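I have placed the structure first, in the form of structure tokens, so that the comments after it can refer back to it.
As the structure is a prediction and not an experimental result, all values here were calculated from the model.
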Amino acid sequence: MASYKIALIKGDGIGPEIIDEAVKVLDAVAACEGFELDYEEVLMGGIAYDVHGDPLPQETITVAMESDAVLFGAIGGEKWDTLPREKRPESGLLRFRKELGVFANLRPATVYDELINASSLKPEIIKGVDLMVVRELIGGIYFGEPKGRDENKGWNTMVYSRFEVNRIAHVAFKLAMQRDKRVCSVDKANVLDVSQLWREEVEEVAKEYPEVKLSHMYVDNAAMQLIRDPKQFDVMLTGNIFGDILSDEASMLSGSIGLLPSASIGSKVGVYEPIHGSAPDIAGQGIANPIATIASASMMLRYALKETRAADKIDMAITKALKEGYRTKDISMYDAKEVCSTSEMGSIIANYAAQCKH
Ligand code: NAD
């Protein structure tokens with residue numbers, strides 16, 4: 001029987017509640033599909049600071065590196081907001097991504113037909129949207145040197161090397177090959193030298209994927225096109241800061257931040273996590289939507305463990321739960337038959353996933 005080691009990082013706020021539900025669903029599909037998941041829980045974020053005085057203890061990095069994948073909830077909260085920058089939960093997360101070398105952040109934005117009214121856009125604009133933002137995660141302006149500030153100035157540097165562009169572009173083109181074979185690379189090449197190099201290198205990589213249609217778009221236009229006609233996109237390839245902004249914009253096409261998963265991958269172990277934060281305003285109330293985390297667990301099965309059938313079962317179970325009218329509070333205003341708690345939603349999806357015929 002195949003057995004996989006999973007590092008579990010629950011984190012802060014709603015993190016523990018949503019991870020528990022994802023584990024429930026994972027265990028249900030693992031039992032059906034005949035593989036084993038061996039979880040090891042480690043700490044990161046505010047809770048790690050409280051216990052170890054460090055938001056990213058070495059043990060967490062070590063366990064993650066020795067695992068087949070990391071399933072992560074969310075970190076952060078007001079309690080830790082006044083700490084020095086390097087002690088804050090968010091610094092732990094940035095360091096974690098860097099240590100693991102997860103340079104590619106994959107954020108699918110799909111619109112569930114059942115929640116078509118949850119979006120602020122018209123149904124005819126968003127029905128059938130299925131796009132994937134591929135964002136470079138450990139380079140660009142968030143990490144470039146020099147950076148700093150004095151009394152009157154602040155500065156950051158946007159740097160990309162050919163190597164960095166090359167490896168993220170390959171991720172985008174490979175994904176496009178499994179999808180609709182279209183890549184739109186987003187940059188600001190009319191103004192930025194770094195974007196000109198980005199564009200040149202993406203063109204080079206494209207030669208290795210003759211079946212994929214490559215287009216380029218300036219980031220300001222892309223922000224507008226995402227709202228005007230999101231269906232025109234298949235894979236959007238972009239750098240760190242542009243991807244940060246565009247993927248949040250794309251996430252709102254679906255209506256709730258509680259629905260969308262992500263995968264951060266590199267050459268070593270990958271990190272699978274919802275796109276939302278620790279939602280301290282609703283933590284401990286049993287009302288958080290676990291779907292984003294359950295869908296992240298599905299991405300983990302698909303990309304890290306290659307358990308595609310199990311991943312399909314989870315995706316089908318989420319759709320079925322929504323089709324049957326089950327809603328957590330954040331989406332309860334859209335065609336709800338029954339409003340359920342975090343844990344009820346997890347159990348419903350786990351039951352459906354166990355019944356799903358492939
Ligand atoms: P947030 O994503 O935590 O919450 C934004 C809003 O969405 C809140 O109203 C929240 O209740 C709601 N929400 C989020 N997830 C939900 C879910 N699953 N179900 C239902 N509603 C949900 O963003 P924020 O409020 O800006 O940040 C809160 C904390 O999270 C901060 O400390 C921030 O630094 C941290 N954060 C962490 C991550 C991460 O761990 N990857 C990402 C973003 C923010």
Nearest 0.5 Å please: distance from the [atom1] atom of [X] over to the [atom2] atom of [Y].
X	Y	atom1	atom2	result
S256	I331	OG	CD1	6.5 Å
M224	M217	CE	CE	8.5 Å
K337	K323	NZ	NZ	14.0 Å
K5	L37	NZ	CG	13.0 Å
L106	S247	CG	OG	11.0 Å
N156	E145	CG	CD	9.0 Å

For [X], I'd like to know if atom [atom1] has over 12 heavy atoms of other residues, nucleotides or ligands within 6.0 Å.
X	atom1	value
K98	NZ	yes
E124	CD	yes
K153	NZ	no
K231	NZ	yes

If you take all heavy atoms of [X] and [Y], which pair is closest and at what distance?
X	Y	value
I18	G73	CD1-CA, 4.4 Å
N117	P123	OD1-CG, 4.2 Å
S267	F103	N-CE2, 4.2 Å
K24	G346	CD-C, 4.0 Å
P108	L260	O-CD2, 3.7 Å
A64	V70	CB-CG2, 3.7 Å

Transitively linked via ILVMFWY side-chain contacts under 4.5 Å: [X] with [Y]?
X	Y	answer
I47	L83	no
I14	I349	no
L131	I245	yes
V159	V191	no
I141	Y218	no

With the threshold set at 4.0 Å, does a side-chain nitrogen-carboxylate oxygen contact exist between [X] and [Y]?
X	Y	value
E90	R88	yes
D244	R135	yes
K188	D220	yes
E200	R162	yes

Considering residues at least two apart in sequence or located in another chain, which fulfil the ring-ring contact (aromatic ring centres under 6.0 Å, His included) criterion with F96?
none
Suppose the criterion is salt bridge (Lys or Arg N to Asp or Glu O under 4.0 Å): which pairs have a residue in residues 343-354, not counting sequence neighbours?
none
D234 and side chain to side chain donor-acceptor pair (under 3.5 Å): which partner among K213, R179, K181?
R179
Determine whether [X] and [Y] make a side-chain contact, defined as any pair of heavy atoms from C-beta on separated by less than 4.5 Å.
X	Y	answer
N105	S264	yes
V235	F173	no
R107	D248	yes
V42	T62	no
L322	I291	yes

If you apply the rule side chain to side chain donor-acceptor pair (under 3.5 Å), what do you find for E201 with Y160, and how did you get there?
CA-CA 11 Å; E201 191 56 30; Y160 272 116; over 6 Å; no
Pairs involving residues 25-78, ordered by first then second residue, that meet ring pair (Phe, Tyr, Trp, His ring centres under 6.0 Å) (sequence neighbours left out):
Y4-F35
Residue pair [X] / [Y], side-chain donor-acceptor N/O under 3.5 Å:
X	Y	result
T110	D130	no
S195	D187	no
S298	D315	yes

Go through it in stages, so that I can follow the logic: the residues are K79 and D50, the test is salt bridge (Lys or Arg N to Asp or Glu O under 4.0 Å), and I'd like the CA-CA distance, side-chain angles, deciding distance and then a yes or no.
CA-CA 10 Å; K79 179 177 169 194; D50 289 349; 2.7 Å; yes
I'd like to know if the side chain of [X] and the backbone of [Y] have a donor-acceptor N/O pair within less than 3.5 Å.
X	Y	answer
D180	R182	no
D12	G46	yes
S91	K87	no
S278	G76	yes
S296	Y272	no

Tell me, with the steps shown, if S119 and M252 meet side chain to side chain contact (heavy atoms under 4.5 Å, CB included).
CA-CA 7 Å; S119 173; M252 279 326 290; over 6 Å; no
Would M65 and K268 count as a side chain to side chain contact (heavy atoms under 4.5 Å, CB included) here? Give the steps.
CA-CA 7 Å; M65 293 287 224; K268 296 171 239 163; 4.1 Å; yes
In sequence, state the C-alpha distance, the side-chain angles, and the governing distance for M300 and I6, and then conclude on side chain to side chain contact (heavy atoms under 4.5 Å, CB included).
CA-CA 10 Å; M300 178 181 87; I6 309 298; 3.7 Å; yes
Please lay out, stage by stage, how D113 and K127 fare under the test side chain to side chain contact (heavy atoms under 4.5 Å, CB included).
CA-CA 7 Å; D113 279 353; K127 190 169 169 47; 3.3 Å; yes
Run the side chain to side chain donor-acceptor pair (under 3.5 Å) check on Q196 and R199 step by step: do they pass?
CA-CA 5 Å; Q196 285 164 11; R199 204 175 263 222; over 6 Å; no
Option passing salt bridge (charged side-chain N to carboxylate O under 4.0 Å, His left out) with K207 (candidates E211, E203, E204)
E204
